[in-house]
S.K.: 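Input: one structure, supplied below.
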Amino acid sequence: QVQLVESGGGLVQPGGSLRLSCAASGSIFSINTMGWYRQDPGNEREYVAGITRSGSTNYVDSVKGRFTISRDNAKNTAYLQMNTMKPEDTAVYYCNADIQTEQRRLISLTYWGQGTQVTVSS
């Protein structure tokens with residue numbers, strides 16, 4: 001009933017930029033917090049950034065000052081602008097969102113996207 005689809009991943013050189021998008025679709029009543037996580041082989045999934053419906057943001061220390069999370073509530077979409085990228089940013093990036101569906105408005109469930117690969121390499 002609800003899908004999250006990430007896009008915008010790819011290959012970028014160190015110091016470059018990418019912008020990820022996460023579009024939510026389906027039977028959505030309200031989207032609360034949206035977030036980005038990342039995972040590279042051999043490591044656990046790591047929190048990157050989050051944004052509340054009202055626009056309050058939070059970042060892991062390693063991306064502060066380089067990444068910016070934003071959202072467009074009218075489009076049910078979150079974005080992650082990544083600047084001054086480093087090789088250690090290489091990972092699969094996942095979007096998640098806490099969503100109340102039309103069928104279950106009193107309950108907020110967490111949904112995940114399928115992930116998009118980001119590779120930072122020269």
Side-chain angles (χ1 to χ4, degrees):
Q1 290 182 331
V2 173
Q3 272 194 318
L4 297 182
V5 178
E6 301 101 333
S7 61
L11 174 65
V12 64
Q13 293 186 341
S17 298
L18 280 178
R19 188 192 194 208
L20 305 182
S21 298
C22 169
S25 62
S27 184
I28 296 171
F29 172 67
S30 180
I31 302 178
N32 304 307
T33 300
M34 301 184 79
W36 289 94
Y37 289 70
R38 64 187 179 187
Q39 186 172 21
D40 57 3
N43 290 314
E44 295 184 352
R45 192 169 294 187
E46 173 192 38
Y47 172 84
V48 177
I51 184 168
T52 65
R53 184 170 181 83
S54 62
S56 296
T57 59
N58 190 49
Y59 300 91
V60 68
D61 286 346
S62 60
V63 307
K64 285 181 179 177
R66 300 188 299 121
F67 291 10
T68 302
I69 188 171
S70 61
R71 63 189 286 173
D72 184 332
N73 291 331
K75 295 181 178 179
N76 289 338
T77 299
Y79 306 95
L80 186 67
Q81 177 66 44
M82 303 184 291
N83 298 328
T84 319
M85 296 187 72
K86 304 175 181 180
E88 50 264 42
D89 294 322
T90 296
V92 177
Y93 282 70
Y94 298 89
C95 170
N96 82 344
D98 295 327
I99 297 174
Q100 295 164 264
T101 64
E102 289 287 356
Q103 292 77 15
R104 304 179 74 179
R105 294 187 177 186
L106 299 182
I107 299 174
S108 183
L109 299 177
T110 300
Y111 294 84
W112 289 88
Q114 81 290 349
T116 184
Q117 177 69 47
V118 171
T119 303
V120 184
S121 175
S122 55

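Just the heavy atoms: all of them, side chains too, but no hydrogens, waters or symmetry mates, feed the values below.
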S.K.: Tell me if the CD atom of Glu44 is crowded by more than 12 foreign heavy atoms within 6.0 Å.
M.R.: no
S.K.: Decide whether Gln103 and Ser27 meet the rule of one side-chain donor and one side-chain acceptor closer than 3.5 Å.
M.R.: yes
S.K.: Whether the side chain of Arg71 engages the backbone of Thr52 through a donor-acceptor N/O pair (distance < 3.5 Å, no angle test) should be reported.
M.R.: yes
S.K.: Work out which heavy atom in Ala78 is nearest to a heavy atom in Trp36; give both atom names and the distance.
M.R.: O-CZ2, 4.0 Å
S.K.: How long is the straight-line distance from CH2 of Trp112 back to CZ of Arg45, given to the nearest 0.5 Å?
M.R.: 5.0 Å
S.K.: Does Lys75 offer a backbone N or O that forms a donor-acceptor pair with the side chain of Thr77 under 3.5 Å?
M.R.: yes
S.K.: To the closest 0.5 Å, what do you measure between CZ (Arg53) and CG (Asp98)?
M.R.: 12.5 Å
S.K.: State yes or no: do Val60 and Tyr94 share one hydrophobic cluster built from I, L, V, M, F, W and Y residues joined by side-chain heavy-atom distances below 4.5 Å, directly or via other members?
M.R.: no
S.K.: What are the two closest heavy atoms between Ser17 and Thr84, and how far apart are they?
M.R.: OG-N, 4.3 Å
S.K.: Roughly how far, to the nearest 0.5 Å, is the OG1 atom of Thr68 from the OH atom of Tyr79?
M.R.: 14.5 Å
S.K.: Between Lys86 and Asp89, does any side-chain N to carboxylate O distance fall below 4.0 Å?
M.R.: no
S.K.: List the steps and the verdict of side-chain contact (heavy atoms from CB on, under 4.5 Å) for Tyr111 and Thr101.
M.R.: CA-CA 11 Å; Tyr111 294 84; Thr101 64; 3.6 Å; yes
S.K.: Within the distance-only criterion (no hydrogens, no angle test), does the side chain of Tyr59 pair as donor or acceptor with the backbone N or O of Ile69 below 3.5 angstrom?
M.R.: yes
S.K.: For the OG atom of Ser56 and the CD1 atom of Ile51, what is their distance to the nearest 0.5 Å?
M.R.: 8.0 Å
S.K.: Which heavy atom in Ser122 sits nearest to a heavy atom in Pro14, and how many Å separate them?
M.R.: N-CD, 3.7 Å
S.K.: Do you know which two heavy atoms are closest between Ser62 and Arg38, and how far apart they sit?
M.R.: OG-NH2, 3.4 Å
S.K.: Do Tyr37 and Met34 belong together in a cluster built from hydrophobic side chains that touch within less than 4.5 Å?
M.R.: no
S.K.: Please assess Met82 against Val12 for the test side-chain contact (heavy atoms from CB on, under 4.5 Å), listing each intermediate value before the final yes or no.
M.R.: CA-CA 11 Å; Met82 303 184 291; Val12 64; over 6 Å; no
S.K.: Quick check for you: to the nearest 0.5 Å, what is the distance between Gln117 atom CD and Asp40 atom CG?
M.R.: 9.5 Å
S.K.: Could you give the distance from CG (Leu4) to OG (Ser21), rounded to the nearest 0.5 Å?
M.R.: 12.5 Å
S.K.: Shortest non-hydrogen contact from Asn32 to Ser108?
M.R.: ND2-OG, 3.2 Å
S.K.: Where the side chain of Asn96 meets the backbone of Thr110, is there a donor-acceptor pair that is under 3.5 Å apart?
M.R.: no
S.K.: Taking Gln114 for the side chain and Val5 for the main chain, is one N or O donor matched with an acceptor at less than 3.5 Å?
M.R.: no
S.K.: Main chain of Phe29, side chain of Gln100: is a donor-acceptor contact present, judged purely on distance under 3.5 Å?
M.R.: no
S.K.: Could you check Ile28 against Val2 for side-chain contact (heavy atoms from CB on, under 4.5 Å), going step by step and ending with a plain yes or no?
M.R.: CA-CA 7 Å; Ile28 296 171; Val2 173; 4.2 Å; yes
S.K.: Can you hop from Leu11 to Val92 via hydrophobic side chains spaced under 4.5 Å?
M.R.: no
S.K.: Let me know which of Thr90, Val118, Val63 forms a side-chain contact (heavy atoms from CB on, under 4.5 Å) with Met85.
M.R.: Val118
S.K.: Check Ala49 against Leu80 and note the closest heavy-atom contact, atom names and distance.
M.R.: CB-CD1, 4.3 Å
